[in-house]
Amino acid sequence: MEVENDLMAVRLEKLKELQGEGVDPYGGRFERTHTTTAVHRHFEELEGQEIALAGRIMAIRGHGKASFADLQDRDGRLQLYVRIDNVGAETYGLFRRLDIGDIIGVKGRVFRTHRGEISLEVYQLTLLCKSLRPLPEKWHGLKDVDLRYRQRYLDLIVNPEVKQVFIIRAKVLRAVRSFLDGRGFLEVETPSMHTIPGGAAARPFITHHNALDIDLYLRIALELHLKRLLVGGLEKVYEMGRIFRNEGISTKHNPEFTMIELYQAYADYEDMMNLLEEMVAYVAREAVGSTTVTYQGEELDLTPPWPRLTMFAAIEKYTGIDFSLITTREEAGRAAAELGVEIEPGMDWGKIVNEVFETKVEPHLKQPTFILDYPVAISPLAKRKKENPELTYRFEAFIAGRELANAFSELNDPLDQRRRFELQMAARAAGDEEAHMLDEDFLRALEYGMPPAGGMGIGIDRLVMILTDATSIRDVILFPTMRPREE
RNA sequence: GAGCCAUUAGCUCAGCAGGUAGAGCACCUGACUUUUAAUCAGGGUGUCCGGGGUUCGACUCCCCGAUGGCUCACCA
């Protein structure tokens, strides 16, 4: 171990000293009877009782022959009162050499100090782990975001609100499962390593299997395997899992993130809208106790029903231009240019419409909103609308100006699906690295027959961000992807 | 990928027209048997992110690089 500073040297010295006296600085099992929060919560019943606690020392206030310390465990803190009369000279000598950050087990009596603080009068004290590195400062905590992400354990020790975020995250996962399980969905697990990365437009990570001597791709979506399960007759399935996309990192994008996808046979995208708004409201109630949340100073009301707006209507609302009357690529390009939206030469009508939507409409969609009927060109897995085959039965749900969910009535016509894949492959050949790849086995499955179905994907990280008022996706991922630092 | 900003003690931060660095917490020594950002007396513990350059002299100015943050691009 490298002794990086004097503070560590002092602690190492104490460690040797204690070992020399026969104290095991890395003790074993310790049976505790309560947690600190339980003591605060049930003080009336516990007052005068003897209990055992374990945790990390976060502050020490020495007063000669008596001292105070703050003990932190999984759910809170409690003050310890250690008196030489109660613990004896030997233990008191040990206590005086403890450092902030050391982990101890204590037994003692619950009481309230003269100043009114619920505390533990310690009779027995056991060192369970000597800490060799100094913790960040008690008042300001750890602010350096680089260190907070790289050394999340420190962040969790000294910034209590961080723990809360991940407790909410766990509640979100649990609520999503109980909501879907309660509606008869079956949770399944499909491969994370794909021979063809499908179901989304994104660049994949590539890895290699040695025994088979083949390249494999980390999945960029769950979609195609779950639809195979619809073919197999499972009818209502979902998977909550990690997705990997080899793309840029930003406050809204982490290379690996968590997504839930669900598919329901004999349903359509209208059913998915109903399901989503009910699910989000349920999850919010379970995770944070309310369907209204404050996000970045703005009140968001997640209570169903959410407004439903076609993409055309939304664009007209914010730009005054009705793209349903614009049918050629040229006209669309001119309209976009007039709005100041940048268009690239290769874009077709559908992509232009989408570009206008993203730049002119998306930022306005703060309150939960469904946007319906996306162009077929950007929706290669969605069923075409009967009234207008250039559009699809697809919606995206937006909250706080960001996409939360993407859903459609699933395309189950194998011939149309094959044509759409072929168009994607052509785009790929023309240099679009993110165009979908043709998946022959998926097409074969569709040829056996997939029931009409509604399907949906929801970004769990973004949902957690909204519920925890987080501005960066890194604040809701315990160990976000970071460039390694030279040691 | 581009622009802007940041990087100084273990942590949070000051500092400088260019003259080799400072506070609070933490830490060390001592006092103190109900304190709670305990208090009192004493002690500064440093690769000023790294490498070049300018200069008599660089933490400070210039160039290159590293890491991070924000914005934009990418992410249909």
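Just so you know, these numbers use all the heavy atoms, side chains as well, and skip hydrogens, waters and symmetry mates. This one's a predicted model, so the numbers in the text were calculated from it and none came from an experiment.
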Output the rounded distance in Å from [atom1] ([X]) to [atom2] ([N]).
X      : N     : atom1 : atom2 : value
A:D373 : B:A76 : CG    : P     : 20 Å
A:M347 : B:A76 : CE    : C1'   : 8 Å
A:I249 : B:G68 : CD1   : P     : 8 Å
A:D155 : B:C11 : CG    : C1'   : 13 Å
A:I371 : B:A76 : CD1   : P     : 18 Å
A:E247 : B:G1  : CD    : P     : 15 Å
A:E433 : B:C74 : CD    : P     : 15 Å
A:E362 : B:C72 : CD    : P     : 13 Å

Just call it for [X]: base, sugar-phosphate, or nothing, with non-hydrogen atoms closer than 4.0 Å on any strand.
X      : result
A:E434 : sugar-phosphate
A:L7   : base
A:P480 : nothing
A:T251 : sugar-phosphate

Applying side-chain contact (heavy atoms from CB on, under 4.5 Å) between A:T392 and each of A:D373, A:I378, A:V376, report the one that passes. A:V376

Matching residue for A:R148 among A:L154, A:V162, A:V158 - test: side-chain contact (heavy atoms from CB on, under 4.5 Å): A:V162

Between [N] and [M], how many Å separate the two [atom1] atoms, rounded to a whole number?
N     : M     : atom1 : result
B:U35 : B:U39 : C1'   : 9 Å
B:A73 : B:A66 : P     : 24 Å
B:G46 : B:A26 : C1'   : 15 Å
B:U20 : B:C48 : C1'   : 11 Å
B:A17 : B:U12 : P     : 26 Å
B:G51 : B:A38 : P     : 39 Å
B:C72 : B:C56 : C1'   : 46 Å
B:C11 : B:U55 : P     : 36 Å

Compare the minimum distances between each of B:A26, B:C11, B:A76 and the side chain of A:L147, then state the nucleotide with the smallest one. B:C11

Closest listed nucleotide, where the reference is the side chain of A:K143 and the choices are B:G68, B:U45, B:C13: B:C13

Mark up nucleotides 30-43 of chain B, 5' to 3', with B wherever a protein heavy atom is under 4.0 angstrom from a base atom, S wherever such an atom reaches only the sugar-phosphate, and - elsewhere. --BBBBBBB-----

Any donor-acceptor N or O pair under 3.5 Å, side chains [X], [Y]:
X      : Y      : result
A:Y263 : A:E261 : yes
A:D268 : A:S409 : no
A:T35  : A:D73  : no
A:R109 : A:S119 : no

Between A:F370 and A:F395, is the ring centre distance below 6.0 Å? yes

Kindly state whether the ring of A:F68 and the ring of A:Y81 have centres lying under 6.0 angstrom apart. yes

Upstream residue (5' side of RNA chain B) when A:G248 and A:M482 are each assigned their closest nucleotide: A:M482

By nearest-heavy-atom nucleotide on RNA chain B, the more 5' of A:R11 and A:N406 is A:R11

Going by side chain to side chain donor-acceptor pair (under 3.5 Å), name the pairs with one or both residues in residues 87-106 of chain A, residues two or more places apart or in two chains. A:K14-A:D99, A:E17-A:R97, A:E21-A:R97, A:S67-A:Y92, A:D99-A:K130, A:D102-A:K130

Can you check B:U20 for me, syn or anti if syn means within 90° of 0? syn

Does the pair A:E270/A:R308 count as a salt bridge with the N-to-O cut at 4.0 Å? yes

Respond yes when some side-chain nitrogen or oxygen of A:K14 is under 4.0 Å from OP1 or OP2 of B:C27, and no when none is. no

Closer than 4.0 Å, any side-chain N/O of A:R483 to the OP1 or OP2 of B:U67? yes

Consecutive-pair stems (at least three Watson-Crick or G-U pairs, under 3.5 Å) that include RNA chain B: B:1-7 with B:66-72, B:10-13 with B:22-25, B:27-31 with B:39-43, B:49-53 with B:61-65

Ignoring hydrogens, what is the shortest heavy-atom contact between A:E256 and A:N254? Give both atom names and the distance. O-ND2, 2.9 Å

